[in-house]
**Q** 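Submitted below is the structure of interest, expressed as structure tokens.
Note on naming: letters A, B, ... go to the chains in the order of the sequence lines (proteins, then strands), and numbering restarts at 1 for each one.
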Amino acid sequence: MMFRIGDELYHVAHGILMAKQDRRIDTSHTDVLPTSEWKRTFRRRLIGWYRRHAREMPWRETRDPYRVWVSEIMLQQTQVATVVPYFERFIAAFPDIPALAAAREDEVLRLWEGLGYYRRARQMHKAAGVMVEKHDGRFPRDANSAGQLPGVGRYTLGAILSIAFDARQPILEANTVRLLSRLLAFDGDPTRADAQRLLWAMAEALLPRREAGRFNQALMELGSQICLPRGPRCEDCPAMTLCPTRAAGRQEEIPRTKKKPPPEEVREAAVVVRRRGKVLLLRRDNAGRWAGLWDFPRFELSSQRADAVQRELVEKVRQMTGFSVQPEAKLTTIKHSVTRFRITLECHEARYLRQDVEPQNRPEMRWLLPEELEAFPLSVSGRKLGCLLVEGIGSGAPVSGSAKRSSAKT
DNA sequence: AAGGCGGGGGT
DNA sequence: ACCCCAGCCTT
């Protein structure tokens, strides 16, 4: 079904829009992709636009597969502006795959501190080991091998192989889901399996024969700079006249998004336990948030009144460590959000009670000097949060990374 | 198929 | 205050 919009040709995809409204079409069928003429026009305009508007990024200065890989892992669910400084530090510390493989896990996590999704760092470290063991210390060109590396899913595989090796591999991620949904006027739920099949098929159908990497990056750039979630800048879009969603004025409806439930309110306490000038850290459980990373003793708070909070604090620290503390001051309160939770974190100071007795040093327990804590503060929501990440499980190595307590006076 | 995993940018 | 972000993995 050809379509005419203004003076431009158009394409079958618009048929989806009309038919979907009639509820006659099963969008799992992917026989509704653009014509060759549409695709040629789109590619030409997209690349032309990209030549003029591609942003500079450190990982775009090269096609070194290692750097492309590092950038793609860091960019998972993380915006470009956030990644840039982390990428620079990471590459400086680990300039190539063997260097990364030779590092300790806690050193890798240190450089990830504050970036989130810490599993990515562990998976990268592990993958570097695999590449040294099985792939001659290089990122494998072979899709089957690359796809088996931990942390490399379908998107990341396509991105790395297309960008670094000029392989004709499609990608699909947040920006291009939005862009392609609009180019297809697809108004179903894009997270559904049939929709994903359609969108991947579209991503593949659009690929040029050569320079798929540049094309894929252009798609993402257009999605992130022009085809915005709300208020897309259609007037500046090289595909404006190719876009049925724009033609129908439905940019705010497509793609459909799910409303998220409001975050749950949680109250937590963190305790800065001091003993002989040192501060206590505990390694967190291997499951859940900040799995296996180091933190101040922290727990969910059920009490309201200050005196009850102090009793709860003493009891909780005893549970977690086996020894007693004397609460001394409330340092500060910090609010921050973590996915579905809105956390109000009270930071308290307490003193180890039995100065004359050595607390048994369990592997999940560390005493750090203040300067070690000051070294690398973890910033959350622009504030110094008293928590600390880092160090592998049972490695016995000294804690190399840290955070600091809030510096509030009271 | 759904849920967990983090933190911050942009409006 | 809210939405969203160069996804992956487990259940």
**Q** Would you kindly check whether a donor in the side chain of A:Thr78 faces an acceptor in the base of C:dG7, or vice versa, at under 3.5 angstrom?
**A**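 Answer no: no donor N or O sits under 3.5 Å from an acceptor.
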**Q** Look at all strands and tell whether A:Gly231 reaches a base, only sugar-phosphate, or nothing, counting heavy atoms closer than 4.0 Å.
**A**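 It contacts nothing in the nucleic acid.
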**Q** A:Arg192 CZ to B:dA1 C1': how many Å, rounded?
**A**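 Result: 11 Å.
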**Q** May I ask you to check whether over 12 heavy atoms, not counting those of A:Gln319, lie within 6.0 Å of atom CD?
**A** yes
**Q** For DNA chain B, whose closest nucleotide is more 5', that of A:Lys258 or that of A:Val338?
**A**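 Result: A:Lys258.
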**Q** Quick one: do the A:Gln123 and A:His125 side chains pair a donor with an acceptor below 3.5 Å?
**A**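 Per modelled atom types, A:Gln123 and A:His125 side chains form no pair under 3.5 Å.
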**Q** From C:dG7, B:dG9, B:dG6, pick the nucleotide closest to the side chain of A:Tyr155?
**A**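 Selected nucleotide (nearest to the side chain): C:dG7.
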**Q** Given atom CZ of A:Arg119 and atom C1' of B:dG7, what is their separation to the nearest angstrom?
**A**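 Those two atoms, CZ and C1', are 16 Å apart.
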**Q** Please check: side-chain N/O of A:Thr35 versus main-chain N/O of A:Trp38, any donor-acceptor pairing under 3.5 Å?
**A** yes
**Q** Under a 3.5 Å cut-off for both contacts, is B:dA1 paired Watson-Crick or G-U wobble with anything, and if yes, with which nucleotide?
**A**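 Pairing partner: C:dT11.
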**Q** Over how many whole Å does the gap from A:Arg342 atom CZ to C:dC3 atom P extend?
**A**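 Between P of C:dC3 and CZ of A:Arg342: 14 Å.
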**Q** With rounding to whole Å, what would you report as the distance between B:dG6 and C:dT10 at their P atoms?
**A** 14 Å
**Q** Under 4.0 Å, counting only non-hydrogen atoms across every strand here, what does A:Thr257 touch: a base, just sugar-phosphate, or nothing?
**A**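 Sugar-phosphate contact only - A:Thr257 comes under 4.0 Å of backbone atoms but never of a base.
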**Q** C:dC5 phosphate, OP1 or OP2: any side-chain N/O from A:Gln79 under 4.0 angstrom?
**A** no
